[in-house]
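Residue numbers begin at 1 in each chain, while the letters A, B, ... track the order of the sequences. All values below come from the heavy atoms of this structure, side chains included, with hydrogens, waters and symmetry mates left out.
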Number of protein chains: 2
Amino acid sequence: MARGARATIVDVAEAAGVSRQTVSRAMNDLPGISADTKRRVLDAAQRLAYRPSRFGRGLVTGGERQLGLVVNDLRNPYSPELAATVVRLAADEGWNVMLVDIGLAKDADRLLASLRDQADVVVGYLGERSAGWEDGLGATPLIQLDPGGDTVHASVRLDPTRAVDALAAHLVAHGVRRPLVLDASAQGAPSARGAAIRDALARHGAPAELLHASASTAEHAAAMAAQAVRRASPPDAVVAFNDLMALGVLSACRHAGLDVPRDIRVAGIDGLTIGALVAPTLTTLAVDFDEVARDTLALAAALRDGESPQHRTVAHRLVLRESA
Amino acid sequence: MARGARATIVDVAEAAGVSRQTVSRAMNDLPGISADTKRRVLDAAQRLAYRPSRFGRGLVTGGERQLGLVVNDLRNPYSPELAATVVRLAADEGWNVMLVDIGLAKDADRLLASLRDQADVVVGYLGERSAGWEDGLGATPLIQLDPGGDTVHASVRLDPTRAVDALAAHLVAHGVRRPLVLDASAQGAPSARGAAIRDALARHGAPAELLHASASTAEHAAAMAAQAVRRASPPDAVVAFNDLMALGVLSACRHAGLDVPRDIRVAGIDGLTIGALVAPTLTTLAVDFDEVARDTLALAAALRDGESPQHRTVAHRLVLRESA
DNA sequence: CTGAAAGCGCTTACAG
DNA sequence: CTGAAAGCGCTTACAG
């Protein structure tokens, strides 16, 4: 055994004076080995700090299933809430989860290659990088989470249609007449959900102004909301692209001395846990993370077994709280 | 190639009419292959949906470094904030991160075995499970995050001492006389940080009442705080075991019609991002996640290279905001 | 209860 | 530019 190199099964076999497969028996709690021999082997293993190579073992056993989970920015609580659910359910079904934050990555190419090589199935939000990723992943199966357009890959989509309609009806019923939709999209064009909200409000008789934030952060949203509420004819409701932005809006309203929901109503999208902790608690269109995670794992299992890509859809649910 | 089985390098070689190492050259963008041959190989690979086995490759290349990150409960934002930082910095240094939530796991044994086999180094909060885990991990190196007592493993500790003292001084200077420490610990005995806060307050002339929550959730904290503020002689400050509990306290105060910080001051520990978004913004003892993650990765690299376990300490920092 | 042989899927020298 | 050989570290039958 070379100095500094990791011990292999052969090193342990030599140290214990047995054959390789006897070492394998001892390490894996297999039958057909005397207690005495087993102890001797385990002692030698410990002495050499022996750890079976996951590659050697995986080559013959097939290895464990590894799911590559790609999120956009773990600093938005949406990502960890989803990741938490996926990690929990994945563990129950025997998948390991390799977590990759593509939003913060300096070296996206390396991460991509890493996912391609290390994960059996990749699942995630690719956003506008979809095209490049689809190439970079090669033959590694991909499940797209809420893809913008059509996709040849498996996908789990979110459908806000019904919840958006319910929210619009609720707002209008409570007297909202000048709603502002605080959208977020890199290109400056309305996002799909931004457009859906605007359309629903219009249908219910309260045409909305549409504003675009260049980044979907609380800070951006707070800054834009602070400006909007200072105008001569301020909005009487703000529906934000996501809960994080809605929190920023709440913060701006508070600093502007506005009472929510009396002076202005605020709603977000995502259904983050934190929305129930803030003051006022946040009305939102909630995603059922459990359902998304379950669907995702079902699709992943199918892909891994060589089945063709499937598609699922999860609907948002209107959760009325204090803010709207 | 068997029906349903994954294509191997040999299948591609046969389909393309070349040898295995020519396939390897094509797949890995190595030199010494004609453009024509390469295209033919890549075509065959695509046709067969060929994906190089990470085990076959890892066996000869040594494979990528895999860090097993163990968190206690991803639903507490502390875990994802830490995970986010670790994932980001780990990616920069070429580590993959396998994320495991031990708090939510049904089958901790399987997860442990999985970690032992799949990760090169395991890092995490083991809490009261330390003993069992240390055995279960076998020879896989472990870095304990903020271990309670002494440990033979590498560790990154958090040290609240100075920040706690600064907080106590601040509270007392602002007239606090009847502080309540809302602690959390499974055994009902004061936690290390609970005791540190109590001692610091006593030193500064404001002996505190110590209350134990059985779980460190916002809900538990809210319930206990709601009771405490209803008493004849309510506390004039609450320092919570962590930010999540402090958020629960804020919520309880709000529902009780108390103004924070005028009627009662509230502080937490952790420095969660969300603390800056709530109303009022939360005073806290912040952990520098970047420093923790950097230290962790440094220790992990050392362990992987066979060096002996090291120990680091990261100090909390008092962040004064509106709530105290 | 123990061991000799074969093989998992890949890459790395080395020949040609 | 291409291929035959060896070997990475393990487990799975199969003999004894």
Side-chain angles (χ1 to χ4, degrees), chain A residues 1-2 4-42 44-45 48-64 66 113-114 116-118 120 138-140, chain B residues 1-2 4-42 44-45 48-64 66 113-114 116-118 120 138-140:
Chain A
M1 172 186 170
R6 234 171 83 166
T8 72
I9 196 171
V10 174
D11 300 316
V12 177
E14 281 175 4
V18 297
S19 68
R20 284 152 40 182
Q21 49 272 54
T22 294
V23 174
S24 187
R25 286 185 188 101
M27 297 301 299
N28 297 314
D29 276 326
L30 294 175
I33 181 172
S34 72
D36 195 55
T37 311
K38 184 165 180 174
R39 192 168 31 69
R40 217 168 62 237
V41 171
L42 260 21
L48 297 175
Y50 169 63
R51 310 182 46 205
S53 149
R54 65 173 179 275
F55 301 110
R57 171 177 289 168
L59 198 51
V60 40
T61 62
E64 301 201 354
Q66 183 124 328
S114 189
R116 166 167 42 67
D117 297 346
Q118 308 301 318
D120 296 309
T140 302
Chain B
M1 173 182 169
R6 234 171 84 167
T8 73
I9 197 171
V10 174
D11 299 318
V12 178
E14 281 175 3
V18 297
S19 68
R20 282 151 43 182
Q21 49 271 54
T22 294
V23 175
S24 187
R25 286 187 187 99
M27 297 302 298
N28 297 314
D29 276 326
L30 294 175
I33 181 173
S34 72
D36 195 57
T37 310
K38 185 164 180 175
R39 192 168 32 68
R40 217 168 63 237
V41 171
L42 260 21
L48 298 175
Y50 169 64
R51 309 182 46 205
S53 150
R54 66 174 179 275
F55 300 111
R57 171 177 290 167
L59 198 50
V60 41
T61 63
E64 301 202 355
Q66 183 125 328
S114 189
R116 165 167 43 67
D117 296 346
Q118 308 301 318
D120 296 307
T140 302

Student: Closest approach of A:D120 and A:T140, non-hydrogen atoms and distance?
Tutor: O-CG2, 4.1 Å
Student: Could you tell me the separation between the CG atom of B:L30 and the P atom of C:dC10, rounded to a whole number of Å?
Tutor: 14 Å
Student: Would you say the side chain of A:R6 and the base of D:dG9 hold a donor-acceptor pair, judged only by whether the two atoms sit under 3.5 Å apart?
Tutor: no
Student: Of the nucleotides D:dC10, C:dG9, C:dT11, which one has an atom closest to the side chain of A:R57?
Tutor: D:dC10
Student: Looking at C:dT2, D:dC1, D:dG3, which one has an atom nearest to any side-chain atom of B:T37?
Tutor: D:dC1
Student: Kindly give the heavy-atom pair with the smallest separation between B:I33 and B:L30, and that separation in Å.
Tutor: CG2-O, 3.5 Å
Student: Counting Watson-Crick and G-U wobble pairs only, both distances under 3.5 Å, name the nucleotide matched with D:dA4, or none.
Tutor: none
Student: Tell me: OH of A:Y50 to C1' of D:dC10, nearest whole Å?
Tutor: 7 Å
Student: Nearest-Å distance, CD (B:Q21) to C1' (C:dA13)?
Tutor: 11 Å
Student: Taking the nucleotide of DNA chain D with the closest heavy atom to each, which residue, A:S53 or B:G32, is nearer the 5' end?
Tutor: B:G32
Student: Mind calculating the distance between CD1 (A:I9) and C1' (D:dT11) to the nearest angstrom?
Tutor: 8 Å
Student: Please give, in whole Å, the distance from D:dG9 C1' to A:L48 CG?
Tutor: 15 Å
Student: Please evaluate the base of D:dG9 for a donor-acceptor partner in the side chain of A:R51 within a cut-off of under 3.5 Å?
Tutor: no
Student: If the cut-off is 4.0 Å, is A:S19 near the phosphate of C:dA4, judged by side-chain N/O to OP1 or OP2?
Tutor: no
Student: Once you round it to whole Å, what is the distance between P of D:dA6 and CZ of B:R20?
Tutor: 12 Å
Student: What is the distance, to the nearest angstrom, from the CD atom on B:E14 to the P atom on C:dC10?
Tutor: 13 Å
Student: Counting Watson-Crick and G-U wobble pairs only, both distances under 3.5 Å, name the nucleotide matched with C:dA13, or none.
Tutor: none
Student: For C:dT11, take OP1 and OP2 only and decide whether either is under 4.0 Å from a side-chain N or O of B:S24.
Tutor: yes
Student: B:R116 side chain to A:R51 main-chain N or O, any donor-acceptor pair under 3.5 Å?
Tutor: no
Student: If I take atom CZ in residue A:F55 and atom C1' in nucleotide C:dT11, what distance separates them, rounded to the nearest angstrom?
Tutor: 14 Å
Student: Is B:T22 close enough to D:dG3 that one of its side-chain N or O atoms is under 4.0 Å from OP1 or OP2 there?
Tutor: yes
Student: Looking across every strand, which nucleic acid part, if any, lies under 4.0 Å from A:R54 by heavy atom: base, sugar-phosphate, or nothing?
Tutor: nothing
Student: Ignoring backbone atoms, test whether A:T61 places a side-chain nitrogen or oxygen under 4.0 Å from the OP1 or OP2 oxygen of D:dC10.
Tutor: no
Student: Where do B:V60 and A:F55 land on the side chain to side chain contact (heavy atoms under 4.5 Å, CB included) test, with the steps shown first?
Tutor: CA-CA 9 Å; B:V60 41; A:F55 301 110; over 6 Å; no
Student: Assuming nearest nucleotide by heavy-atom distance, tell me which of A:V10 and A:R25 is located more 5' along DNA chain D.
Tutor: A:V10
Student: Is there a donor-acceptor pair closer than 3.5 Å between any side-chain N or O of B:R54 and the backbone N or O of A:Q118?
Tutor: yes
Student: Between A:D29 and A:K38, does at least one N-O distance fall below 4.0 Å, as a salt bridge requires?
Tutor: yes
